[in-house]
Each structure stands twice: as C-alpha cells, then as structure tokens.
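Everything below concerns the one structure shown next.
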Number of protein chains: 2
Amino acid sequence: MTSPRPNPSAVIRGDALWSGIRDDLRARGLRWTPQRRTLVEVLSKTQGHVTGVQLVERCRAIDPETTPSTVYRTLDVLEDLGLIRHGHGADGREEFHVLPAAEHGHIYCHSCGGTWEIGHDQAASLLETLASEHRFTADLSHVTIAGRCAACLEAPPSA
Amino acid sequence: MTSPRPNPSAVIRGDALWSGIRDDLRARGLRWTPQRRTLVEVLSKTQGHVTGVQLVERCRAIDPETTPSTVYRTLDVLEDLGLIRHGHGADGREEFHVLPAAEHGHIYCHSCGGTWEIGHDQAASLLETLASEHRFTADLSHVTIAGRCAACLEAPPSA
DNA sequence: ATGTTTGCTGCAACCGCTTGCGTTAGGGCA
DNA sequence: TGCCCTAACGCAAGCGGTTGCAGCAAACAT
C-alpha cells in the first residue's frame with residue numbers, strides 16, 4: 001500500500017518466550033508478517049488480561065494501519081500455538097490471557113464491577129467433581145463467575 | 001381487553017407463575033404492553049435455555065413486527081423481576097434460563113460442542129471456597145465452563 | 001370521554017467480533 | 001535473484017446485542 005512498512009520501531013523484545021514464535025510459525029507453514037510482529041510485540045509487553053479492543057488499540061499505537069480482523073485472526077493462531085488463551089468476561093466479551101501465567105479463573109461483582117482472580121487450588125474441588133462425575137476436563141481460565149462481593153452484599157452501591 | 005395490535009392469538013397460558021406478571025409490572029410503575037405480552041407468552045412455553053436470537057424468532061412467529069431491541073430490553077426487565085436469568089455460553093453469547101429451575105451451571109466441550117448441566121451440589125465446594133476465601137457470593141447460573149469431555153479426550157473428533 | 005404523565009417502542013446507528021472475497025506479499029526453491 | 005504457491009491481509013458486509021432519541025400509548029385522574 002504505502003511505504004515498505006511504517007513499522008520502524010518494531011523492536012521485538014528479546015524475551016526467550018517470544019523470540020521463537022517466528023520459527024514456530026514457519027515450522028507449521030505459517031508466516032511471519034509485520035502485522036503479526038506488531039501484535040507479538042504488544043503481547044510481550046502485556047501481562048494479565050486484555051480485551052480484544054485493547055489489543056487493537058495498542059497495535060494501532062505502533063502501526064496505525066492495524067485492522068481488527070487481522071488482530072483477531074492472529075490471536076486465534078497464537079492461541080493455537082499455546083501462547084495465549086482467551087476467555088469471556090462477565091458481560092460475554094473476550095478476554096485474553098498472556099501466558100505463561102498460572103491458570104486462573106475470575107470472579108466478577110455485578111454491583112461494583114470489581115474482578116478478582118481465583119487460583120487453581122481454589123477451584124480444585126470443582127474441577128475434581130467435574131472430572132469424576134462427568135469425566136470432564138475443565139479449562140478454568142475460560143471462565144468468569146459472576147456474583148456479588150462481600151462489600152456490595154452489605155452495602156449495595158446504589159442499586 | 002383485546003389490544004389494537006395485530007396480536008390476535010396472544011392467549012396467555014394461565015400458568016400461575018406467569019399470570020401475575022402484569023400486576024408485578026404495574027406494582028412497580030411499569031407497563032403491560034402487547035410486545036411484553038408476546039415475549040411472556042413465548043417464555044411461558046419455553047423450558048431450559050434459549051438464546052436471544054431464538055427468543056426474537058419465536059416472538060416474530062407470533063408478532064412479525066417484533067424488534068430485537070424491545071425484546072432485549074424486556075428481558076432485562078423480566079430478569080429484574082426475577083422471572084428469568086441470563087448467562088453466557090462458551091462463545092460468550094447470551095443464554096436465558098427460564099425460572100423456576102434449579103440453579104445450575106453448564107459445561108461445554110470445545111471439541112464436540114456438547115453441553116451438560118452441573119448442579120448446585122457439584123459446584124458447592126467451589127461456591128464455599130469463594131465464600132470463605134473471597135467473601136464472594138457466586139451466581140452459578142451465569143457460568144459456562146469450557147473444557148473437554150471424556151470422549152473427546154480419548155478420541156478427538158478430527159482436530 | 002379527555003387530558004397528562006412518563007414508560008415503552010421502533011428506528012437507526014453503533015459496538016465487539018466474525019466472515020467472505022479479491023489482492024498482496026512471505027518464503028521455499030530453482 | 002526471480003518465480004510461484006498460497007497464507008495472510010484489508011475491506012466491507014454481517015451477526016448478536018446495545019443505545020440515544022423522538023414519537024407513541026399505557027395507566028391513572030378528572
């Protein structure tokens with residue numbers, strides 16, 4: 001379209017984790033493109049959770065030409081590679097977790113909108129129950145459990 | 001009190017549960033309109049889960065003029081009244097549960113797309129853990145937990 | 001019946017995300 | 001180095017769901 005690539009400052013942070021992605025992709029017959037590089041750069045600077053929109057915004061900060069469809073498609077690919085995972089927030093919107101991170105779920109308060117993480121150990125008994133009674137292997141990180149936190153139960157903000 | 005709307009066959013099923021809605025609404029200063037009547041009729045014939053789109057479709061079968069925004073807004077109101085609940089499926093889309101129904105969550109298999117219900121007792125220990133460690137009261141019915149069922153773990157469909 | 005209040009409706013635009021399609025360009029190979 | 005195959009891109013349309021707004025009509029009162 002325009003210049004060779006308006007992406008001069010796309011310096012990949014050399015974290016061992018991310019530097020192999022290019023080869024991972026090629027090994028699968030997939031390609032290493034400037035757009036993917038941008039997204040990987042953004043992800044490498046990200047910890048915890050991000051929504052799709054946030055990722056698109058951050059990519060645009062690096063390369064304003066970024067289009068959403070490309071970002072979302074690349075996120076799918078990276079999830080296949082096992083580099084990220086996605087889940088859904090309490091409102092159903094997508095949320096991406098950058099790995100490596102302890103697998104964890106979320107709890108969300110309807111009233112105040114707060115969210116907290118729950119660890120694998122705290123959900124362990126549920127996971128075990130599902131495994132034994134349904135022979136089901138659950139993916140905790142996909143889940144956001146909604147409810148009410150203690151503070152809101154005692155003193156609802158303004159319901 | 002036949003309405004002026006083209007809604008001739010809107011015969012409310014006289015289930016005790018639903019017949020009081022009109023008064024519930026009025027008691028709160030809200031209104032009983034033909035559109036709401038249509039939706040309530042649809043819900044009264046529904047058990048288990050429905051998606052938003054399905055509800056819109058079924059309403060249109062009764063009144064082709066039905067518009068989505070009205071349906072979704074009415075669903076919000078009915079949820080306030082405690083007549084239904086909504087949650088999010090594994091893909092983040094809305095799912096409505098018609099009450100009264102035992103509060104239950106869902107598990108969804110990524111591979112085969114199957115879904116199963118999980119009862120309150122099976123999630124009890126998770127709910128207790130959340131209550132004691134985070135002082136959080138969870139709403140089980142809002143949740144769909146994704147993962148893999150036994151069959152797919154043993155013999156992945158094709159992936 | 002008629003008026004008044006204000007909750008509700010339908011429209012159209014928008015949001016987050018996905019998809020189909022024609023075009024571009026990565027990258028293995030000669 | 002240049003060729004070719006096809007993965008990936010950008011665009012535009014679409015889907016499920018939401019929202020602001022102007023007009024409409026329930027419901028209560030006169």
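Just the heavy atoms: all of them, side chains too, but no hydrogens, waters or symmetry mates, feed the values below.
In this structure, R28(A) places its CZ atom 18 Å from C1' of dT6(D), rounding to the nearest Å. If you measure from atom CG of L75(A) to atom P of dC9(D), you get 11 Å, rounded to the nearest angstrom. Per the geometry, CZ belonging to R26(B) stands 15 Å off C1' belonging to dT6(C), to the nearest Å. Rounded to an integer number of Å, the gap from L25(B) CG to dC28(D) C1' is 16 Å. The interatomic distance linking L30(A) (CG) with dG27(C) (P) rounds to 10 Å, in whole Å. If you take CG of D80(B) and P of dC8(C), they are 11 Å apart, rounded to a whole angstrom. Here the P atom of nucleotide dC8(C) and the CZ atom of R37(B) are 16 Å apart, to the nearest Å. Atom P of nucleotide dG10(D) and atom CD of Q35(A) are separated by 4 Å, given to the nearest angstrom.
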- Under 4.0 Å protein heavy-atom contact, by nucleotide of nucleotides 12-22 of chain D - B base, S sugar-phosphate only: ----SSBBBB-
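The side chain of R31(B) lies closest to dG7(C), out of dG27(C), dG10(D), dG7(C).
Of the two residues near DNA chain D, T67(A) and T33(B), the one whose nearest nucleotide lies more 5' is T67(A).
No donor-acceptor pair under 3.5 Å is formed between the side chain of H88(A) and the backbone N or O of H88(B). Not a single donor-acceptor pair under 3.5 Å links the side chain of T70(B) to the backbone N or O of T66(B). H97(A) places no side-chain N or O within donor-acceptor distance of the main-chain N or O of G48(A), the cut-off being under 3.5 Å.
Contact annotation: R36(B) side-chain N/O to dC8(C) OP1/OP2 distance is under 4.0 Å.
Salt bridge R37(B)/E41(B): absent, no basic N to carboxylate O contact under 4.0 Å.
The side-chain hydrogen bond (donor to acceptor under 3.5 Å, both in side chains) contacts involving residues 74-83 of chain A comprise E79(A)-H86(A), where partners must be two or more places apart or lie in separate chains.
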- Worked verdict on E94(B) versus T51(B) for side-chain contact (heavy atoms from CB on, under 4.5 Å): CA-CA 6 Å; E94(B) 284 194 318; T51(B) 64; over 6 Å; no
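As judged by a 4.0 angstrom heavy-atom cut-off over every strand, G92(A) is placed among residues making no nucleic acid contact.
Linking Ile, Leu, Val, Met, Phe, Trp and Tyr whenever their side-chain heavy atoms come within less than 4.5 Å puts V77(A) and V42(A) in one cluster.
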